Number of protein chains: 2
Amino acid sequence: MSDTMQKLRALEKRIYAYSYAMGVIEVDESTVAPSGGSEGRGEALEVLSAAQYDLLTGSEMASLLTTAASEQLDEQAAAEVRELKRTYDQFTKIPAEEYAAGARMMNDCRNAWHKAKAANDFSIYAPWLEQMVDNRRRWADYFVPGQDAMATWLDQNQKGLTVEETDRFFASLRESIVPLLHRIQTEGTPPRTDFLKRNWPLDKQKELSAYVMKVMGIDPTHCVLGETEHPFTLELYNDDVRITTHYYEQDMISNLFSVIHEGGHALYELHVDSALRYTAVTGGSSIGLHESQSRLFENYVGRSREFLSFLWPKLLELFPENLAGVTCEEFYRAVNRVEPSLIRTEADELTYSLHVMVRYELEKQLLNGSLSVSELPAAWNRLYKEYLGVDVPDDAQGVLQDVHWSQGSFGYFPGYALGTAYAAQMVHEMKKEMDFAACCAEGNLKPILDRQTEYLWKYGQLYTPDVLIRKACGGVFDPSYFVRYLEEKYTDIYQL
Amino acid sequence: MSDTMQKLRALEKRIYAYSYAMGVIEVDESTVAPSGGSEGRGEALEVLSAAQYDLLTGSEMASLLTTAASEQLDEQAAAEVRELKRTYDQFTKIPAEEYAAGARMMNDCRNAWHKAKAANDFSIYAPWLEQMVDNRRRWADYFVPGQDAMATWLDQNQKGLTVEETDRFFASLRESIVPLLHRIQTEGTPPRTDFLKRNWPLDKQKELSAYVMKVMGIDPTHCVLGETEHPFTLELYNDDVRITTHYYEQDMISNLFSVIHEGGHALYELHVDSALRYTAVTGGSSIGLHESQSRLFENYVGRSREFLSFLWPKLLELFPENLAGVTCEEFYRAVNRVEPSLIRTEADELTYSLHVMVRYELEKQLLNGSLSVSELPAAWNRLYKEYLGVDVPDDAQGVLQDVHWSQGSFGYFPGYALGTAYAAQMVHEMKKEMDFAACCAEGNLKPILDRQTEYLWKYGQLYTPDVLIRKACGGVFDPSYFVRYLEEKYTDIYQL
């Protein structure tokens with residue numbers, strides 16, 4: 001390895017240390033920290049964030065990147081330089097003091113969101129969200145002056161993704177989902193769902209979480225499950241990944257699929273090649289690719305008839321009273337019921353994309369200034385009525401439901417819908433190589449893990465998202481696989 | 001405030017941020033982190049520790065301290081400069097790369113200790129402990145070349161404490177404890193203890209923890225309880241303090257007094273004046289003073305007849321079956337039973353100091369090179385036989401029981417015994433000012449909290465330990481208060 005690359009790797013490891021620290025602080029905040037410690041956390045994060053910023057944008061980085069540009073680099077080294085250069089170019093466009101203040105504002109904004117959601121009071125959150133929107137507009141303008149902010153944030157989240165492509169993708173989904181939803185609601189045979197709202201003992205739900213993680217092949221010495229308001233996955237590095245869930249006494253399904261969803265994210269991170277450890281190209285790629293993995297496990301594996309038939313004996317063992325007189329087929333249909341609803345994370349596969357579209361539309365308006373934060377709750381409620389046909393009773397179940405905006409994640413939501421669609425294409429490819437249904441039916445997910453490791457996971461960010469999408473999808477992305485999957489699945493379930 | 005002090009405070013806040021991050025990482029490691037993530041944690045801690053070292057010892061610090069030395073400073077500013085100067089003088093004696101490697105070695109050593117204790121296998125720990133002893137000897141020599149390492153580490157842990165004073169203190173304790181113990185064992189009426197080893201439901205034990213924290217006046221928005229192998233207290237800052245406990249199904253007493261003990265530490269930290277926040281003089285003072293507060297609550301309050309009579313109805317409510325046919329007086333005598341035993345943290349008040357003496361003696365020998373790490377387990381077992389009359393069945397219940405050495409805490413244990421003795425004198429003083437027994441009997445600890453805040457807690461490290469001991473003890477430290485307390489208490493309990 002060249003002297004330059006040795007120095008660059010040492011610098012990358014220092015940068016990693018700050019990400020690690022801030023990651024642990026975030027996990028701690030979301031899971032166990034006392035509520036009254038936000039001031040000191042904010043002060044600490046501001047310092048740590050500024051120190052990392054200095055490393056990412058300092059003179060040492062600048063000179064190493066310049067030297068490296070003139071050297072013969074192997075594939076990984078070239079990728080590290082590419083990613084560091086991208087970050088350097090972006091961040092040097094943001095004044096250092098604004099970068100540090102931004103990190104602190106995000107901490108305060110997230111705290112305000114937590115309080116606002118708990119109190120069902122948007123006004124607690126509104127002034128912070130206003131600062132956040134201003135920040136996102138301003139930073140987008142630093143990145144690409146004069147460009148539409150949404151275009152910039154889409155590209156930030158997934159290199160190469162455009163507003164036009166995203167608009168087209170959602171338009172094509174709407175074209176197929178809305179008529180299918182209409183047919184289901186008018187002609188479909190609705191599944192039995194009476195047993196879903198029974199009392200599901202929390203200790204048994206926790207046992208189920210551990211069991212499912214084991215079936216998924218998640219190594220407990222490298223990944224643990226915590227509890228949070230809003231489930232998430234956070235990788236400290238590829239040997240230490242945290243996932244969280246939320247337990248509800250009246251709802252077993254929520255935790256079950258949260259664990260499988262976050263477990264999918266975790267598997268991706270846990271299988272990134274260790275050769276990339278502590279460098280700028282470790283960790284999963286774009287939001288869309290990451291969500292494709294969580295959705296692959298949540299929907300294509302987890303909600304499949306085959307996997308649920310595998311899980312059935314365990315479910316009967318854990319919840320004999322709740323499931324008395326229920327058949328596995330009834331359970332399968334119930335967890336796949338289509339029901340326009342209020343909460344994105346609880347939405348079925350069919351209407352899920354409509355939830356995402358609401359957020360995408362509102363973000364576009366917030367970012368281009370045509371919608372103010374004070375108008376946001378009403379606009380949210382209007383779009384939910386228009387897209388999903390539901391009335392939003394309060395902000396906690398409406399505009400306050402997602403943590404994302406409070407963390408500065410704009411241009412992020414489309415990745416959820418895109419990822420789901422990438423996964424359909426990946427599963428289509430996988431079925432050429434293995435008996436996917438049999439793997440699910442036997443609870444033998446190893447061939448799926450191996451295939452995903454081989455085609456996607458191990459690469460981390462060695463390649464850009466567009467390249468990785470082609471590798472994992474077996475070609476250029478085509479949303480028609482997803483549309484076909486939805487039509488086949490729901491025509492069967494609703495006996496259309 | 002002078003320009004120098006403004007800059008110094010900004011630098012102190014940066015130093016704080018690293019302590020905060022490393023503190024959260026430590027809490028995370030001890031409570032929830034998966035076992036397989038130590039490599040990445042070690043890498044991160046090495047970077048963070050080195051960065052903090054640079055701030056503590058860098059040219060900016062040097063020049064600010066020099067400038068500040070010539071300025072008129074108020075009391076707090078002068079104390080900050082005093083403490084920063086002390087740290088600067090110490091750390092600049094350790095080569096920077098050795099400081100960073102030391103932080104990493106400590107992380108590895110602590111991990112090795114965890115594994116060794118779980119596996120009851122000293123050989124896992126031994127090579128790391130050897131490195132640690134070498135490190136402590138070498139660092140002591142950097143601090144005060146040529147001085148006995150134990151003398152240096154005692155002074156590090158409690159400014160002004162000497163080997164001679166500590167030797168004398170322990171000698172005087174032995175003089176009184178050993179005959180008293182002998183009288184108890186030969187002439188005493190032993191308490192009934194049959195009910196202690198019953199099955200104590202864990203969920204009820206957890207309820208008891210929350211109840212006790214509430215009675216102690218610990219604000220749950222600023223202090224939360226976690227679970228660890230070895231209970232500890234860690235302050236991130238005075239608005240966010242973490243305590244931990246360990247639950248045993250067969251032993252309710254262990255958790256009860258762990259929570260009160262750690263709660264005492266937490267109260268101290270939570271009541272440090274916020275004016276000291278983010279500076280070098282925030283946080284509790286020496287180990288001895290800190291332990292005086294945990295022991296004050298654990299023993300002088302928690303194990304008093306009066307406090308236990310207050311707690312009794314709650315205990316009966318939580319554990320009606322376990323305590324059926326037991327009187328409060330029997331419970332009081334049982335939790336105060338004297339029984340030479342294996343585990344320091346479970347020891348009674350009388351024999352506790354003997355456990356500390358074992359460690360102090362062994363540390364002296366390790367540090368002066370007259371005992372090797374390989375000889376340590378046998379030496380441990382010999383001293384337990386000699387001081388406490390017990391046979392150590394295995395290393396997990398012997399030399400592996402404490403985390404301290406694995407964290408580099410040498411010269412630390414004497415503080416436990418000294419603190420307990422300081423507390424006796426503080427309580428003696430307190431009784432002149434309030435009806436201490438009535439406060440305990442009514443579960444009204446506020447007057448005690450107020451008194452401790454006024455005489456000790458609020459000061460943080462504004463004054464050196466010797467000054468604070470005089471303030472809180474109402475005069476020069478005198479171990480005879482402790483000796484008299486033990487004699488009175490156990491003469492009564494054992495009806496001598």
Side-chain angles (χ1 to χ4, degrees), chain A residues 10-11 13-29 31-52 54-55 203 218-227 235-244 266 270 274 277-278 282, chain B residues 10-11 13-29 31-52 54-55 203 218-227 235-244 266 270 274 277-278 282:
Chain A
L11 188 52
K13 196 179 271 183
R14 290 168 67 197
I15 291 163
Y16 150 82
Y18 289 90
S19 296
Y20 182 96
M22 292 188 279
V24 175
I25 291 169
E26 187 179 332
V27 169
D28 175 76
E29 177 194 0
T31 53
V32 296
S35 61
S38 61
E39 183 198 299
R41 182 185 308 112
E43 295 286 356
L45 285 172
E46 185 167 335
V47 170
L48 297 168
S49 170
Q52 190 183 49
D54 287 346
L55 296 175
D203 57 335
I218 296 171
D219 180 349
T221 67
H222 293 295
C223 179
V224 289
L225 180 67
E227 289 183 50
E235 78 286 357
L236 296 172
Y237 74 118
N238 73 335
D239 257 0
D240 187 346
V241 179
R242 312 298 174 90
I243 62 176
T244 68
L270 291 163
S274 289
R277 191 176 282 184
Y278 313 134
T282 191
Chain B
L11 187 52
K13 196 179 272 183
R14 289 168 67 197
I15 291 164
Y16 150 81
Y18 288 91
S19 296
Y20 182 97
M22 291 188 279
V24 175
I25 291 169
E26 186 180 333
V27 169
D28 176 76
E29 178 193 0
T31 53
V32 297
S35 60
S38 61
E39 183 198 300
R41 182 185 308 111
E43 295 286 354
L45 285 173
E46 185 167 336
V47 170
L48 297 168
S49 170
Q52 191 184 46
D54 288 346
L55 296 175
D203 55 335
I218 297 170
D219 180 349
T221 67
H222 293 296
C223 179
V224 289
L225 180 68
E227 288 182 49
E235 79 287 358
L236 296 172
Y237 74 117
N238 72 336
D239 257 0
D240 188 345
V241 178
R242 311 300 173 89
I243 62 176
T244 68
L270 290 164
S274 289
R277 191 176 282 183
Y278 312 135
T282 191

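Values reported hereafter were calculated over all heavy atoms of this structure, with side chains retained and with hydrogens, waters and symmetry mates removed. Labels below follow one simple rule: chain letters A, B, ... track the order of the sequence lines, proteins then strands, and each chain is numbered from 1. It should be emphasised that the depicted structure is a prediction, and the values quoted were computed from it without experimental measurement.
Residues B:E43 and A:R277 have side chains not in contact (no heavy-atom distance under 4.5 Å, counting atoms from C-beta outward). Counting only heavy atoms from C-beta outward, the side chains of B:Y20 and A:L48 never approach each other to under 4.5 Å. Counting heavy atoms from C-beta on, the side chains of A:V241 and A:H222 never come closer than 4.5 Å.
The main-chain N or O of A:V27 is found under 3.5 Å from a side-chain atom of A:T31 such that the two form a donor-acceptor pair.
Taking the six-membered ring where tryptophan is involved, the planes of A:Y18 and B:Y18 are perpendicular, since the angle between them exceeds 60° and thus also 30°. Taking the six-membered ring for Trp and thresholds of 30 and 60 degrees, B:Y278 and B:Y16 have ring planes inclined between 30 and 60 degrees apart.
Both the backbone and the side chain of B:E39 come within contact range of chain A, with heavy atoms under 4.5 Å apart. Heavy-atom distances place both the backbone and the side chain of B:R41 under 4.5 Å from chain A. Heavy-atom distances place no part of B:A50 under 4.5 Å from chain A, backbone and side chain included. Interface residue B:S38: only backbone heavy atoms are found under 4.5 Å from chain A.
For chain A, the option among B:R242, B:R14, B:K13 with the highest count of heavy-atom pairs below 4.5 Å is B:R242. The choice from B:G37, B:P34, B:A17 that makes the most heavy-atom pairs within less than 4.5 Å of chain A is B:P34. No other option in B:S35, B:A51, B:G36 has as many heavy-atom pairs under 4.5 Å with chain A as B:G36. Taking B:V24, B:L45, B:D239 one by one and counting their heavy-atom pairs under 4.5 Å with chain A, the maximum is reached by B:V24. Most heavy-atom pairs under 4.5 Å with chain A: of the set B:G226, B:A44, B:A33, B:G40, this distinction falls to B:G40.
Taking each heavy atom of B:C223 and B:L270 in turn, the nearest pair found is CB-CD1, 4.0 Å.
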